[in-house]
Amino acid sequence: MAVDEKQLCIICAWRGNCSKKFSGGEVLHCIDFVRDVSLKPPQEIKKVNILLSGRPGVGKTTLVLKLATEIISQLRLRPGGFYTHETKEGFFRSGFKIFSFDGKEGVLADTKLDSPHKVGKYGVDVKALEEIGVSSIESAIADKEKDVIIIDEIGKMETLSERFKEAVLNALASPKIVVATIQHEGNGYIFQMAD
C-alpha cells in the first residue's frame, strides 16, 4: 500500500478503536462489511460533493472537522470555507459561532441577538454569515491554492442569505471537492441540495 493511501471502512471511517476489524497485513477489513474504499492521492481524486445530513446533535460538525483534519494531514489538501460551533449558557445552547478556515470568527446566531432574522429562539446575524461564511466560500472557489470547500452547514439560518445560497450552488458546480453538512429537514432550497 502506498504511503499516501489509507484503507477506510465505509461504516466506521477508520475508527482506531473499532473492535470489529481484523488485520490482513497492512489493510484492515471490517468483518461486518466486505467492501472497503480507499483515499487516493490528491492528483487521482476526481470532483466529488459530500453532503452529510442528520438531526441536530448527531455529530455532523464533529465529523466534518475530523474529515478536514484528515484532508489536511493525510491528503495534504488545503481547505477553505467555514464551520460552526454551538455556544452554551450553563447546560443550554444559547447560539452559534461561525469560523472560517482563514481565521475569521463571529456570532452567527444567539438567543439574545436583536435581529430582524429569526430561526426559532435565535436571532441570526446575516451580515456575519456573509462577511465570514459566504466570503470564505467565494474565496475558496476563486483561490487556486484551495482544494476542498467545507460548508458547515446548509440550514435554515444560512438560507436566510441569498448570497449564501448562490455561493453554495457555485461551490457545488465548481471543480473543487465540497464537504458540507445539510439540515435533515428544511425549506425548498435545502431539499434541492439533498437531491
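Not measured: the values here are computed from a predicted model.
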Can you check whether [X] reaches [Y] side chain to side chain, under 4.5 Å on heavy atoms?
X: Y122; Y: M157; result: yes
X: L108; Y: D125; result: no
X: V178; Y: V148; result: no

Check this for me: does any side-chain nitrogen of one of [X] and [Y] sit under 4.0 Å from a carboxylate oxygen of the other?
X: R163; Y: E131; value: no
X: K165; Y: E162; value: yes
X: K156; Y: E158; value: no

Within the distance-only criterion (no hydrogens, no angle test), does the side chain of [X] pair as donor or acceptor with the backbone N or O of [Y] below 3.5 angstrom?
X: D152; Y: T84; value: yes
X: S136; Y: G133; value: yes
X: S115; Y: G123; value: no
X: K176; Y: A140; value: yes
X: R78; Y: E145; value: yes
X: S174; Y: A171; value: yes
X: K60; Y: G54; value: yes

### Query
At their closest point, which heavy atom of K121 faces which heavy atom of R93, and how far apart are they?
NZ-O, 3.7 Å
### Message
Minimum heavy-atom separation for A167 and I137, please, with both atom names.
### Response
O-CG2, 3.7 Å
[X] with [Y], same ILVMFWY side-chain cluster at under 4.5 Å:
X: L172; Y: I154; answer: yes
X: L51; Y: I151; answer: yes
X: I50; Y: L77; answer: yes
X: L63; Y: I150; answer: yes
X: F96; Y: F92; answer: no

Distance, nearest 0.5 Å, that separates [atom1] of [X] from [atom2] of [Y]:
X: S161; Y: H117; atom1: OG; atom2: NE2; value: 9.0 Å
X: E138; Y: I141; atom1: CD; atom2: CD1; value: 7.0 Å
X: Y83; Y: E153; atom1: OH; atom2: CD; value: 15.0 Å
X: H85; Y: I98; atom1: NE2; atom2: CD1; value: 13.5 Å
X: T181; Y: L67; atom1: OG1; atom2: CG; value: 11.0 Å
X: I177; Y: D147; atom1: CD1; atom2: CG; value: 7.0 Å

### Task
Kindly determine whether L160 and V119 satisfy side-chain contact (heavy atoms from CB on, under 4.5 Å), including the steps that lead there.
CA-CA 9 Å; L160 291 170; V119 172; 4.0 Å; yes
### Task
Over 60° means perpendicular and under 30° means parallel, so classify the ring planes of F164 and F82, tilted if in between.
perpendicular
### Query
Can S94 and T87 be counted as having a side-chain donor-acceptor contact under 3.5 angstrom?
yes
